[in-house]
Amino acid sequence: MMKNPKIEISGMNHGTWIRLQCEAVLNSRREARVAMMEEYGSALSRMNSVDDNLMEVFYLQNAKAVIQSLASEKKEIMF
């Protein structure tokens, strides 16, 4: 993601699908790693620590979500 930060995530639920297009931006602040460990510590603490430089945190910017189904109009949300 650092070489090519443009990402897309898509999913479908009961005939409605969503596509998220955005850019992933590295957040190298220690506070971001601490917050990630606090939120997901049970899974991450077995593999990483805040200061081991093995875990990176990204945030999303320039995001556009497209929600669509065959039964309704397409919705676009920018955030």
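Every side chain to side chain donor-acceptor pair (under 3.5 Å) that Ser72 has, sequence neighbours left out, goes to Ser69. Take Glu76 and apply the side chain to side chain contact (heavy atoms under 4.5 Å, CB included) test, not counting sequence neighbours, and it matches Lys64, Val66, Lys74. Contacts of Glu31 classified as side chain to side chain donor-acceptor pair (under 3.5 Å), with partners at least two apart in sequence or in another chain: none. For Glu8, the side chain to side chain contact (heavy atoms under 4.5 Å, CB included) partners two or more places apart in sequence, or in a different chain, are Arg19, Gln21. Taking Gln68 as the reference, nothing meets the side chain to side chain donor-acceptor pair (under 3.5 Å) condition, with sequence neighbours excluded. The salt bridge (Lys or Arg N to Asp or Glu O under 4.0 Å) search around Glu38 returns none, not counting sequence neighbours.
Side-chain heavy-atom separations under 4.5 angstrom define the hydrophobic clusters, and the remaining members of the one that includes Leu70 are Met12, Trp17. In the hydrophobic clustering (ILVMFWY side chains linked at under 4.5 Å, chained through shared members), Phe58 is joined by Met1, Met2, Ile7, Ile9, Ile18, Leu20, Leu26, Leu60, Ile67, Ile77, Phe79.
When hydrophobic clusters are built by joining Ile, Leu, Val, Met, Phe, Trp and Tyr residues whose side-chain heavy atoms come closer than 4.5 Å, directly or via intermediates, Leu54 is not grouped with Val50. Hydrophobic cluster membership differs between Val25 and Val57, with clusters built from Ile, Leu, Val, Met, Phe, Trp and Tyr side chains linked at under 4.5 angstrom.
Sorted by first and then second residue, the pairs that involve residues 42-57 and meet side chain to side chain donor-acceptor pair (under 3.5 Å), not counting sequence neighbours, are Arg30-Asp51.
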